[in-house]
Amino acid sequence: MPAGTVLPKGLSGETLRVCRKVCDKKGVFATGPPGSGKTFLLRKIIRALRDAGLTVAVCGTSGVAANMVGGITAHSWAGFIHGHADVSLPLDHVVHEVIPRAAKGRMRDAMVLVIDEIGTMSAEFLERLDEVLRSSRTCSTPFGGVVVIFAGDFLQLAPPVGSFAFCSHVWREVFGNRATELSTTWRHVNDAVLLCLLLRLRVGAQTDDDLALLASRRTDALPASAVWLTTHTALATAKSDTELDKLEGQAVTFSAVDVIIAPYISMAQASELLDDGTDIVRRPILRVGAVVAVHSNYFLSRGIPAGSRGVVERFLSAGPAQIPVFTFVSFQ
Ligand SMILES: Nc1ncnc2c1ncn2[C@@H]1O[C@H](COP(=O)(O)OP(=O)(O)OP(=O)(O)O)[C@@H](O)[C@H]1O
């Protein structure tokens, strides 16, 4: 941390304690049950450290997690353009052939790295991130000298692949067994029954009454706002088509337009490559009221990161073209 870093006035409690540790170049891992304010705390810390003039990189382990904390995914930030595949490729190849120059610049500039929902990040990814940072910053200390602040709850979701992040060497090197534990639950405070049930489930101490209560909540009459989880993309696509058909109003079809910037490939080949390499729909159909999710960080500079959800409000006519107008849910 630059000598003489001055924290903004008015900080208190956990925010102040964590900011002081960061100024002392100590990594922080904040944990606690669902709704204990981990993301809330991160947001306050990020604001305070940025006000103190520090360069703070903010990431989540998924698009939605990144959205909640006001950042981008850790994969995007580090320039792992092949996603998790870049964890298993040789380090030299990833550093020299995969990670774009812009990502290397971000990694060199960062003083603090914040990652939310660390519970779903694998030890393998974390170790690769550590190696990449050490290499890009030519510094052999953990994370190349970037001070890390991680938040998450290992009793919620496990990483989709690999082992828990705390199993990595670099985790032990930075945190040992240290953690900042948040114990006040802020969410569901007005529903003590649900809160206590969730806290028991989290540690596998659910009772027969808890299971009976959950079973009693099963229904076939779902509200329209219910979120559907499916095991296969085809099921999700079919459900999405059914819901879209239920909306009244004219269906407007859009077509993706591909542009070639390299002369060595034909338009047909380029389009085929794009179709194979992305799961973006070539001819999406929208109606007023349709829910959309943002696929990439293309609109990040406008405050809309990957994972944001919006609704089509209306269509504007511009000659023969119809331009959709969306309203996005803001987590800021
Ligand atoms: N110190 C606080 N004072 C007032 N409200 C708070 C505080 N901390 C958190 N909250 C509120 O409690 C809710 C849950 O907070 P938050 O999402 O940060 O919890 P979390 O621990 O990150 O949850 P999860 O484990 O589900 O990700 C939010 O609505 C947040 O605004």
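Order of listing sets the numbers, starting from 1, for every ligand and every atom in it. A quick note: this is a predicted structure, and the numbers were derived from the prediction, not measured.
Each of the following atoms of ligand 1 lies closer than 4.0 Å to a heavy atom of Q156: 25 (O). If you number the atoms of ligand 1 from 1 as listed, the ones under 4.0 Å from a heavy atom of P33 come out as 21 (O). Here is the list of ligand 1 atoms found below 4.0 Å of a heavy atom in T39: 18 (O), 22 (O).
Of the listed options E117, R43, K38, E117 places a heavy atom closest to atom 27 (O) of ligand 1. Considering A30, G119, G35 only, the shortest heavy-atom separation from atom 24 (P) of ligand 1 involves G35.
Using cut-offs of 30° and 60° on the angle between ring planes, the pair F125 and H75 is tilted.
Side chain to side chain, T242 and D245 fail the donor-acceptor criterion of an N or O pair below 3.5 Å. In the model, T61 has a side-chain atom that pairs as donor or acceptor with a side-chain atom of T120 under 3.5 Å. Using modelled atom types and a 3.5 Å distance limit, the side chains of E117 and S62 yield no donor-acceptor pair. For S266 and Q269, the side-chain atoms include at least one donor-acceptor pair closer than 3.5 Å. Side-chain N/O atoms of D109 and T55 include no donor and acceptor closer than 3.5 Å. Judged purely by distance below 3.5 Å, without hydrogens or angles, the side chains of E14 and T180 never pair a donor atom with an acceptor atom.
Of the protein's non-hydrogen atoms, F40 CD1, 3.4 Å is the one closest to atom 31 (O) of ligand 1. Scanning all protein heavy atoms for the shortest distance to atom 19 (O) of ligand 1 gives G37 N, 3.1 Å. Among all non-hydrogen protein atoms, the one lying nearest atom 1 (N) of ligand 1 is W186 CZ2, 3.3 Å. Closest to atom 26 (O) of ligand 1 among all protein heavy atoms lies R187 NH1, 3.0 Å.
Proximity of atom 14 (C) of ligand 1 to the protein is indicated by at least one non-hydrogen atom lying closer than 4.0 angstrom. The presence of a protein heavy atom under 4.0 Å from atom 29 (O) of ligand 1 is ruled out.
Using a 4.0 Å cutoff on heavy atoms, G152 does not count as a contact of ligand 1. Distances shorter than 4.0 angstrom do not occur between any heavy atom of M68 and any atom of ligand 1.
Below 3.5 Å of separation, one finds no N or O of K44 facing any N or O of ligand 1. In terms of N/O distances under 3.5 Å, ligand 1 is not approached by G32.
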Q: With ring-ring contact (aromatic ring centres under 6.0 Å, His included) as the test, would you mind laying out the steps for F154 and F164 before giving the verdict?
A: CA-CA 8 Å; F154 288 110; F164 284 110; 5.7 Å; yes
(Q) Apply ring-ring contact (aromatic ring centres under 6.0 Å, His included) to residues F299 and F328 and explain how you reach the verdict. (A) CA-CA 12 Å; F299 298 112; F328 283 94; 7.8 Å; no
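Under the 4.5 Å side-chain heavy-atom criterion for grouping Ile, Leu, Val, Met, Phe, Trp and Tyr, L7 is connected to I46 within one hydrophobic cluster.
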